[in-house]
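The structure appears right after this line, and notes come after that.
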Amino acid sequence: MTGIKERATADEGALSRPGRWFALAVLVLAVLLVAVDATVLALATPYISEDLKPSGTQLLWIGDVYSFVIAGLLVSMGSLGDRVGRKKLLLTGAAAFGALSILNAYATTPALMILARALLGVAGATLMPSTLALIRNIFHDPRERSLAIGIWGAAASAGAAVGPVVGGFLLEHFWWGSVFLINLPVMAVLVVVGVKLLPESKNPSPGPWDLPSVGLSLIGMVAVVYAIKEAAAHGVRWDVGATAVLGVVALVWFVRRQRALDTPLLDVELFRNKSFSGAVLADLLTILGLSGLVFFLSQFLQLVQGRAPLEAGLAELPAAVGAVTAGLLAGRAARRYSVRLVVAGGLAAVGLSLGVLTMLSRSTGYPLLGAVLLVVGIGAGFAFTVTADVILSSVPKEQAGAASAVSETAYELGTALGIALLGSIVTGIYRDFAAPDGIPGSAVDAARESLGGAVESAHALPAAQGAELLGTAQVAFVDGLRVAAGVGAAVLLAAAVAAWFLLRHSRLEDGVEHP
């Protein structure tokens, strides 16, 4: 066993200074692609809606099932990486991600699209915790690691904003499936280069991978999120309640099982550390407040304000500029001032920006939207980068995969919940709009399914009737967006207050860590 540990340590410490940064470049490529894939779909949603004709509920599932599956599997995959090797898991997942992108691109029905997105989530769950865990094991100098995490976070944020630009270009020149096919060359480069540049690292004494725990984690996460989504969209029913109970029972059983195992998938005792639990909570609430709004913002820019896909993507770039800049400065700011000030300040900035969007209208000018997106990017960049650093610094490096998975689970669960809750607010208000007189019932029903459906219905009607129906639908959509923005603002401001108290004693490390 000692020999194994020495060999693992030697591998982790063997990278030269340039080698560490080259390895980081490969990891950033993986993060960039996963982030692009998550947001590019929002821009393609109107095209998917027109081609596959999903119902409103199916459209939401296409948008969030990817995150549901990732949230359910991240802890399991992070723990698996600690056991079999993070490099091995990352490269295997990258190859699967590329192959499954083909299935997404050529989906022919809403059901097949939902299945394809779910399978892509399985592959995606192997990538994110592996990248962050490898950073924890490659960079032993805390200041270097803070910068590396800042670059990692900036890539995730930049990918989220660059996705609409890339998607906009592709959608103006090709069909919607092209937004998935771009994954293939990038993943090929990642695998070929990663084999040579990335060091292997894993827990030298991992213990077995507990399959019952994997099942409990997946069932619990998916069932709870599904129940919340259905209750928010359609009200509480007996089957929704039964699903929620199933999910809670599975998660409680999961926690009890982890306490009883000698080598658990997740050391639940980590949550006794206030810095760790506070950082995780901040991640969860931040993305919950943002994700549902961002999911519908691309539709607002295209279907309400009439922007072309590429123009809509470029309109969202200020968020990337702010996030990249803040991510690179976050570690230095947290050491100069304090962790809780930077995190709470970032969350408050995002919350106040979302509050401004409660004044949104169909004619809102771009200067206001651009300024809001810039501030949102800066606030999120500071908060996400510092909380990721706190989470990684709070655990031994042998548990880096599991800790990274907790961080990513909070992110993905927040995404799923945000789309489910805030998205359901938008959808619920939108579906209740009063149709103008004289519009055929079939056209009204199609319009109430989604804003994309309203655009399609309007085109099939006489010009005057079509314009009246579309205008009414757009007003209802913006009304829902304003309410969702208000709820998101309240969530973010509450998260800022919670972070201020929970992260009171948090500090970023300064001393060099010896492997």
Side-chain angles (χ1 to χ4, degrees), residues 26-27 29-31 33-35 37-38 65-101 117-137 152 156 183 187 190-191 194 198 200-203 206-222 224-225 250-251 254-255 257-258 261 263-268 270 280 283-284 388 391-392 395 397-416:
V26 176
L27 299 177
L29 190 64
V31 172
L33 186 60
V34 173
D37 194 76
V65 71
Y66 176 78
S67 295
F68 282 10
V69 174
I70 286 183
L73 287 176
L74 273 170
V75 169
S76 299
M77 291 301 183
S79 179
L80 182 62
D82 288 342
R83 286 162 168 76
V84 305
R86 294 149 192 151
K87 172 183 175 179
K88 183 184 298 182
L89 186 65
L90 175 68
L91 298 183
T92 302
F97 198 91
L100 288 166
S101 296
R117 290 290 290 167
L119 292 174
L120 198 67
V122 176
T126 68
L127 299 178
M128 297 300 280
S130 297
T131 59
L132 201 50
L134 282 166
I135 288 173
R136 174 71 172 87
N137 283 270
W152 177 89
N183 296 342
M187 282 301 177
L190 192 157
V191 172
L198 290 177
E200 185 58 281
S201 70
K202 59 183 177 181
N203 188 337
W209 198 52
D210 188 57
L211 286 176
S213 295
V214 175
L216 289 171
S217 173
L218 179 61
I219 292 169
M221 284 288 191
V222 173
V224 166
V225 175
L251 290 177
F254 173 81
V255 172
R257 187 172 181 84
Q258 302 319 292
L261 291 172
T263 53
L265 252 63
L266 173 65
D267 183 2
V268 294
L270 291 173
V280 170
D283 274 358
L284 175 66
I391 289 169
L392 279 188
V395 302
K397 64 180 181 177
E398 289 79 12
Q399 294 179 296
S404 302
V406 171
S407 173
E408 292 302 323
T409 299
Y411 185 95
E412 296 297 341
L413 184 59
T415 299

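Please read all numbers here as calculations on a predicted model, not as lab measurements.
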Tell me, do Val224 and Leu251 make a side-chain contact under 4.5 Å, heavy atoms counted?
yes
In Å and rounded to the nearest 0.5 Å, what is the CE to CG distance from Met187 to Leu91?
10.5 Å
Grab the two heavy atoms, one from Ala118 and one from Val69, that are nearest each other, plus how far apart they are.
O-CG1, 3.5 Å
Measuring from Leu100:CG to Asn183:CG, what's the distance to the nearest 0.5 Å?
10.5 Å
Leu216: partners by side chain to side chain contact (heavy atoms under 4.5 Å, CB included), with sequence neighbours left out:
Ala250, Trp253, Phe254, Arg257
Checking Ser217 side chain against Ser213 main chain: does a donor-acceptor pair fall under 3.5 Å?
no
Roughly how far apart are Tyr66 OH and Arg117 CZ, rounded to 0.5 Å?
6.5 Å
The test is side-chain contact (heavy atoms from CB on, under 4.5 Å); show your working for Thr126 and Leu73 and say whether it passes.
CA-CA 8 Å; Thr126 68; Leu73 287 176; over 6 Å; no
By side chain to side chain contact (heavy atoms under 4.5 Å, CB included), Ala96 pairs with (sequence neighbours left out) Ala123
Output for pair (Phe97 CZ, Leu119 CG), nearest 0.5 Å, gives 12.0 Å
